[in-house]
Number of protein chains: 2
Amino acid sequence: MNDSGGNGEKKRSRRPSAERTAQRDPERTRAAILDAATREFAENGMGGARVDAIAERAGTNKRMLYHYFGDKEQLYLRVLEEAYVGIRTAERALHIGDRSPEEGIGELALFTWRYFLQHPEFLSLLGTENMHRARWLRQSVRLKELHSHLIGELSDVLERGKKQGVFIETADPLHVYLTIASLGYFYLSNQYTLSTIFGRDLIEPTHLNAWERHIVHVTLTSIKR
Amino acid sequence: MNDSGGNGEKKRSRRPSAERTAQRDPERTRAAILDAATREFAENGMGGARVDAIAERAGTNKRMLYHYFGDKEQLYLRVLEEAYVGIRTAERALHIGDRSPEEGIGELALFTWRYFLQHPEFLSLLGTENMHRARWLRQSVRLKELHSHLIGELSDVLERGKKQGVFIETADPLHVYLTIASLGYFYLSNQYTLSTIFGRDLIEPTHLNAWERHIVHVTLTSIKR
DNA sequence: CGAGCCGGTAACTAAACAGTTACTTGATGG
DNA sequence: CCATCAAGTAACTGTTTAGTTACCGGCTCG
């Protein structure tokens, strides 16, 4: 991780005047910038995010930001890539093929909903990127292989379900995933306008639980024979 | 509308030198600004939209924009309000209660999908507003009554379906509407990232038609007994 | 030990931005 | 035919912004 390697613990100076300057830690600074940028881009979008605000949130300054990430656009793309890596990595750990087809799909629906719920910044980043017609994501070279695994595994589960006669023949893996993602994404990312216009606080635990059950119900009834 | 009222049609000058300066038309200028602002805000969000760009798109200048709308925030709220009025007005014309319960719900699903498809700027504005946690929509005084009609009419249709034994007893009007809106919104507003990561062009007519049928199918199977 | 490198700071710059002001033009009514 | 007023123009202002530059200080290795 750290190039200057070895005994990284002994760096602390004993001089009392040095207490404001924390020990140097490139990895931590880099991670802090990425984390701060994730929050800033999620809250304000690519256009609305401020480089100064990111530096301040990270407890550092612009010089370091440009040093580690080049410029605002490259930093944004990094944030977006990391967000995708996050969800796809967690998804793989599910192993939805280890259960019965019905349980596997239900599990994926539950996982997706809960991941969205715990990672509002991911939803927001997707929204921003789509407003810009995937301008930056399209340039990404890292994200070609990442998503095929999901569709492949989902496809296997559906095939098994069809052979067992529990799923309809027309069930399509991409459609099933889009259904699950739609129901989670819209409810959460649009909760503020929806709560306002319909006068119901959608983020309340009661409603949240009801919608979780609804997602699983809708997904399964739409593909069950 | 126009304070100086009366005979607004006879204003045209016959002087040939006046051809570059179009006739004065406050209503048209106002509408042009609102239209230009809708596109600019939809494409760039509240933070990313540029007042100069709006004026240029409208074929006018900032002075007129500030004259008619006050400032950028008030203009943005106006755009948002008009967008909501647009969809809710079109929805009312449907009269989903005039058909059988099943047909009524199917009709609402089809309408919503097609409206979203034809008004991408509406979806984008919702996205922007939600990123800001409905900061401006909450301030709107015009939009309290607008949405209750939809839920009321939907509720009636569901009740009728339950009495006829075609719908399950647990079907909830808000859930049904959220299901329909989710499936349309996510597919369209996230089409760019989805097409990129899954390598399938979702805006192609074949896929569009398949998803339209899917929405109706999912909505109805989720509430049918 | 001291040269140089690396993590980090802060002040700066050129451009872009929202909002304003001084002005022009042309229609209208007395 | 001129005083008035509203529609419209364009240049300006103070502030904010992305990106840069000059500098600091401590660690490490020759």
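So that the names make sense, note that chain A is the first sequence line, chain B the second, and so on, each numbered from 1.
Counting to the nearest Å, the P atom of dA15(C) and the CZ atom of R50(B) are 17 Å from each other. Whole-Å rounding puts the D52(B) CG to dA16(C) C1' distance at 9 Å. If you take CD of E56(A) and C1' of dT9(C), they are 14 Å apart, rounded to a whole angstrom.
Sorted by first then second residue, the side chain to side chain donor-acceptor pair (under 3.5 Å) pairs that include residues 178-206 of chain A, not counting sequence neighbours, are T179(A)-H214(B), T193(A)-N130(B). The ring-ring contact (aromatic ring centres under 6.0 Å, His included) contacts involving residues 37-56 of chain B comprise F41(B)-Y76(B), where partners must be two or more places apart or lie in separate chains. Applying the salt bridge (charged side-chain N to carboxylate O under 4.0 Å, His left out) test to pairs two or more places apart or on separate chains, those with a residue in residues 50-60 of chain B are E40(B)-R57(B), E43(B)-R57(B), D52(B)-K62(B). Residue pairs meeting the salt bridge (charged side-chain N to carboxylate O under 4.0 Å, His left out) criterion with at least one member in residues 75-87 of chain A, sequence neighbours excluded: R78(A)-E81(A), E81(A)-R142(A), E82(A)-R142(A).
DNA chain D lies under 4.0 Å from no heavy atom of any residue of residues 38-45 of chain A. Listed in residue order, the members of residues 58-77 of chain A having a heavy atom less than 4.0 Å from DNA chain D are K62(A), R63(A), Y66(A), D71(A), K72(A).
Using a 4.0 Å heavy-atom distance criterion, A49(B) is classed as a sugar-phosphate-only contact.
With hydrogens and angles ignored, the 3.5 Å screen pairs no side-chain donor or acceptor of W113(A) with any backbone N or O of L183(A).
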Enumerate donor-acceptor pairs with a distance under 3.5 Å from any side-chain N or O in residues 115-126 of chain A to protein atoms, sequence neighbours excluded.
{"from": "Y115(A)", "atom 1": "OH", "to": "I87(A)", "atom 2": "N", "distance (Å)": "3.2"}
{"from": "H119(A)", "atom 1": "ND1", "to": "Y115(A)", "atom 2": "O", "distance (Å)": "3.1"}
{"from": "S124(A)", "atom 1": "OG", "to": "A42(A)", "atom 2": "O", "distance (Å)": "2.4"}

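Distances shorter than 4.0 Å separate some side-chain N or O of T29(A) from OP1 or OP2 on dG8(C).
Scored by the side chain to side chain contact (heavy atoms under 4.5 Å, CB included) test, I151(B) finds F198(A), P173(B), L174(B) as partners (sequence neighbours excluded). Residues passing the side chain to side chain contact (heavy atoms under 4.5 Å, CB included) test with A58(B), sequence neighbours excluded: A32(B), I33(B), A36(B), T60(B).
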